[in-house]
Amino acid sequence: MKEAVAGIIGHNGLDGLSKSYDPAPIEDKWYARWIKDGIFKAEAKSGKPPFSIVIPPPNVTGSLHLGHALDNTLQDILCRAKRMQGFNVLWMPGTDHAGIATQNVVERALREEGLAREDLGREAFVKRVWEWKNEYGSRIIGQLKKLGASCDWDRERFTMDEGLSRAVRKVFVELYKKDLIYRGKYLINWCPRCLTALSDLEVEHKETEGRLYSVKYLFADGSGALTVMTTRPETIMGDVAIAVHPRDERNRHLIGRGVVVPICGRVIPVIEDNLADPEFGTGALKITPAHDPNDFLVGLRHGLEQIQVMDDRGRMNENGGKYAGMDRFEARKAITADLAEAGLLTGEDPHVHSVGHCYRCDAVIEPYLSEQWFVRTRPLADADVEAVRRGDIRFVPEQWAGTYYQWMENIRDWCVSRQLWWGHRIPAWYCLDCGEVTVSMEEPDKCSCGGHLRQDEDVLDTWFSSALWPFSTMGWPDETDELETFYPTSVLVTGFDIIFFWVARMIMMGEEFMEAPPFRDVYIHALVRDEKGQKMSKSRGNVIDPLVIIDKFGADALRFTLAALTVQGRDIFLSESRIETYRFFLNKLWNASRFALMNLENARDTDIDGRYLRLHDRWILARLSDVTKQMTEFMDGYYFGESARLMYDFVWGELCDWYLELSKPALRGDEGEMRKSASQAVLYAVFRDVLKLLHPIIPFVTEELWSAFGYGETLIGRTEWPKAGVFDTYAGSAGMDFMQTLVRAMRNLRAEVKLPPQQQVPRMCLRLKDSLGHAAACVRENSDLIGLLTKVGKTELLESGEMAPRQSLSSVTGEWELFFPVGDLLDVEKEITRLRGELNKLEKDMGRTRSKLSNPNFIGKAPAEVVAKEQEALKAAERQKKRIEENIAGLE
RNA sequence: GGGCGACUAGCUCAGCGGGAGAGCGCUUCCCUCACACGGAAGAAGUCACAGGUUCGAUCCCUGUGUCGCCCACCA
């Protein structure tokens with residue numbers, strides 16, 4: 001590979017380049033070279049300013065989807081640009097153990113062998129998961145490399161590495177000491193499929209078509225009945241009270257009476273509680289503390305019994321009477337049927353309501369009473385909201401700060417224990433003798449009472465370790481050079497879907513344990529959605545493999561597309577045709593480079609000699625300077641879409657469409673040796689900076705071209721970011737605009753008479769407004785180039801009084817008139833119609849401008865320059881109108 | 001129930017106080033010695049609707065509609 005690179009440096013550059021751009025032979029080659037040369041390595045100590053990003057660690061179960069591709073493309077763009085700008089860049093890579101997701105994957109594999117995890121036992125099962133992780137867990141890392149991610153791979157971390165696990169235990173113990181972690185028996189979200197508790201965030205609420213059942217509860221004294229409504233008749237066995245609102249005129253006389261729970265026959269009281277809404281149904285609400293979050297609180301308020309009627313798998317338990325052993329949904333049917341039979345079911349109406357589902361397996365979540373660990377979030381949240389308000393952390397776009405506040409201000413305690421085997425085991429031990437709880441980083445020998453200890457069976461929520469990621473990956477709790485140099489990180493780049501799961505919790509933990517926010521900026525990007533506009537996610541199984549796209553179009557094409565489509569506040573619907581568009585752009589860049597290489601010959605890095613520059617040379621240097629300045633701003637401000645589109649337009653619309661065309665004669669030698677070498681010097685300088693500016697977005701193709709140009713022995717990523725203004729001595733764009741307008745006007749006239757593009761015509765005539773001396777000079781100096789672009793032999797300048805040539809098409813502005821003598825090709829009727837059409841449009845414009853100018857309010861209140869502009873426009877339009885009229889008259 | 005966002009050319013989307021842009025598609029002409037993954041020219045939009053602010057609104061404000069998303073303890 002080294003030989004190959006050496007071989008294409010210098011004037012042989014062209015040999016290495018195929019006629020059209022093909023990413024396949026380029027991308028792996030250069031990635032290997034980058035790794036070999038260690039250009040992604042961060043320095044723990046450095047004189048350079050630091051720039052750091054921690055990767056949102058992908059799940060080990062995952063394979064790269066377009067969301068990852070976008071997320072990591074944006075991070076890579078920032079890292080590569082910052083390296084070129086002289087920063088000591090750390091992009092910290094790694095993966096997340098993804099508790100439930102990974103456990104599920106391995107359990108599924110076991111099931112195919114006819115085994116359950118219980119058959120293996122905890123230790124063997126966990127070993128099995130590690131084996132799975134070691135075999136498949138690095139797949140996504142390989143995919144990130146295909147994408148071009150410039151992470152410092154030597155630092156790759158995993159949330160269950162020993163170091164990170166130590167950080168987890170440390171944090172748990174510290175929070176426990178500060179009473180910010182507690183254990184208690186509460187009603188939590190339970191997944192009867194995964195057999196674990198979930199946090200509120202892990203429950204996805206979906207609008208579901210259900211039934212609202214009206215059930216009669218007979219009064220215990222036999223004096224009639226009370227009707228209550230429920231969507232979950234299977235929980236009737238767990239009812240402990242009926243609540244009515246204390247100010248409910250209809251029902252409050254019932255308070256204190258007893259009613260009989262249907263089917264099971266228990267007598268329960270009617271109580272008063274604000275939860276009951278007098279407007280809803282009969283105003284009477286059944287209270288089932290063990291199976292409904294609201295009822296749970298009512299139960300606490302009134303000291304009611306908690307009767308659990310289901311087991312952990314969502315089956316009716318021994319409290320379920322004759323339904324014991326039945327699945328909850330079967331039980332619902334059976335109980336409903338029995339209620340109907342007994343004449344106690346008085347209504348069954350369709351009812352749309354929100355039902356919680358497991359975010360991992362989509363099973364319906366059961367509110368379940370159990371003993372769990374919780375993080376007390378309120379005290380943590382308040383400080384964090386302050387940090388964002390103070391501006392210590394900045395959301396980009398800002399609107400996301402609002403989302404963050406809204407959640408943080410309503411935050412509830414975080415259930416962190418999970419009944420899984422895969423994850424960080426909770427560092428708590430229970431004494432088998434005295435029952436005391438010992439929480440400590442290392443396993444204690446025995447209880448303080450001398451009794452035997454048993455460790456808590458549960459593991460921590462995956463997001464608990466993710467929350468520590470910005471500092472646990474840098475060696476915390478040790479005081480490391482990495483933490484010193486790179487914490488707080490510069491920016492976090494992620495999607496809004498994990499603001500609560502991850503961003504907010506990182507802020508909590510960072511503020512609490514590092515006493516500093518984990519990042520300065522949070523850049524929130526759009527979600528890449530599938531063709532139906534649905535979120536792509538592992539559990540939905542609708543992920544599109546970007547590797548297919550990379551195979552087909554190349555990583556650069558995918559990267560450029562994602563960057564170009566990244567606009568704040570709007571989701572991305574990715575289609576292949578859009579990727580194709582941008583791959584065409586890469587081909588354009590490729591071929592423009594081939595053109596440059598063909599024409600550079602041996603010229604390399606010669607000084608630009610200002611004496612031999614022409615209008616277009618000065619113009620492209622001026623434009624390059626503008627573009628460089630804008631790109632630098634875009635990189636600092638996270639304007640990814642703008643930056644990609646700017647380069648697209650500049651390279652294609654200006655560099656290729658105009659500059660390269662105009663420089664052809666000089667490069668061919670038609671304008672003499674001095675002009676040739678001056679053009680080569682400009683070409684060389686422009687491509688050098690264009691490749692650099694594009695490199696963060698499309699690293700592979702720019703590296704290949706860089707080496708073909710032979711811009712130096714070093715890799716492009718090691719070079720300095722271009723500086724705006726270095727060409728100011730030579731740059732200038734005066735006259736170019738006029739020339740472009742003139743050329744377009746002439747091409748337009750040619751098309752009017754359907755002249756084939758190649759066909760030369762002898763002449764066109766231009767009459768300039770008297771004051772346009774500089775334009776006259778411009779035309780004289782560049783008549784050869786105007787001729788080149790318009791295929792016109794000669795541009796004749798007419799004096800102000802001079803007659804226009806007969807049988808001409810004309811194009812008129814307020815400043816000049818262009819005549820194209822076409823002889824017999826002239827279709828007088830058609831030309832008059834065309835000119836009348838133009839007149840028409842012009843008059844409409846003039847009418848608008850006139851009415852504006854005759855409005856005293858406009859004159860009085862609009863800024864002077866706007867008024868002046870309108871007046872100028874009107875004058876120009878009047879001149880234009882007069883000329884068009886004259887031309888029409890001349891034709892008639 | 002609360003909040004957020006979108007609505008611009010046939011399609012996918014930029015723009016966001018001084019009379020509207022791109023890519024694809026479409027029409028016409030071109031295989032011009034970097035590129036047909038290309039070149040040149042062109043057609044195409046009451047900028048969702050209604051009010052308001054302003055000299056002036058696609059852009060700001062209010063409301064309406066449609067679609068999408070997030071949050072919430074909707075029996």
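For B:A48, the paired nucleotide is B:U64, the pair qualifying as Watson-Crick or G-U wobble because both relevant distances are below 3.5 Å. Across every strand in view, B:A36 sits unpaired, with no contact that passes the Watson-Crick or G-U test at under 3.5 angstrom. Judged by Watson-Crick or G-U wobble contacts below 3.5 Å, the nucleotide B:C59 has no partner. When both pairing distances are held under 3.5 Å, B:U53 makes no Watson-Crick or G-U pair with any nucleotide shown. When both pairing distances are held under 3.5 Å, B:A20 makes no Watson-Crick or G-U pair with any nucleotide shown. Pairing of B:G1, defined by two Watson-Crick or G-U wobble distances under 3.5 Å, is identified with B:C71.
Heavy atoms of A:Pro856 sit nowhere under 4.0 angstrom from any nucleic acid atom. When heavy atoms are screened at a 4.0 angstrom cut-off, A:Ala243 is found touching no nucleic acid atom at all. Across all strands shown, A:Phe296 has no heavy atoms under 4.0 Å from either base or sugar-phosphate atoms. In this structure, A:Glu207 reaches the bases: a heavy-atom distance under 4.0 Å links it to at least one base atom across the strands shown. Heavy atoms of A:Ser354 sit under 4.0 angstrom from at least one base atom. Here A:Arg848 lies in heavy-atom contact (under 4.0 Å) with a base.
Distance noted for atom P between B:U8 and B:A14: 11 Å (whole Å). Distance check on atom P: B:U53 versus B:C59 gives 15 Å, rounded to whole Å.
If you take CG of A:Leu662 and C1' of B:G39, they are 14 Å apart, rounded to a whole angstrom. Rounded to a whole Å, the CZ atom of A:Phe858 is 10 Å from the P atom of B:G19. Atom CD1 in A:Ile579 sits about 14 Å away from atom C1' in B:G23, given to the nearest Å. At whole-Å resolution of the value, CD in A:Glu642 and C1' in B:C13 are 13 Å apart.
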Let me have a per-nucleotide readout for nucleotides 28-37 of chain B, 5' to 3', with B, S or -, counting only protein heavy atoms under 4.0 Å. SSS-B-BB-B
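A ring-centre distance under 6.0 Å is found for A:Phe496 and A:Trp400. In this structure, A:Tyr21 has its ring center under 6.0 Å from that of A:Trp590.
Side-chain atoms of A:His357 come within 3.5 Å of backbone atoms of A:Val355 as a donor-acceptor pair (strictly under, hydrogens ignored).
Closest-nucleotide positions on RNA chain B for A:Ala751 and A:Lys869 were compared, and the one nearer the 5' end corresponds to A:Lys869. The residue among A:Arg747 and A:Gln406 whose nearest nucleotide of RNA chain B is located toward the 5' end is A:Gln406.
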Can A:Glu838 and A:Arg834 be said to form a salt bridge (charged side-chain N to carboxylate O under 4.0 Å, His left out), step by step? CA-CA 6 Å; A:Glu838 273 180 29; A:Arg834 184 178 71 90; 3.2 Å; yes
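Between A:Lys676 and A:Glu601, at least one side-chain nitrogen of the basic residue sits less than 4.0 Å from a carboxylate oxygen of the acidic one, meeting the salt-bridge criterion.
A side-chain N or O of A:Asp239 and one of A:Tyr217 form a donor-acceptor pair less than 3.5 Å apart. For the residue pair A:Ser199/A:Glu202, the side-chain donor-acceptor check at 3.5 Å is satisfied.
A:Arg578 contributes no side-chain N or O that forms a donor-acceptor pair with the base of B:G23 under 3.5 Å.
When each of A:Thr288, A:Val240, A:Thr235, A:Leu369 is tested with A:Ile307 by the rule side chain to side chain contact (heavy atoms under 4.5 Å, CB included), just one qualifies, namely A:Val240.
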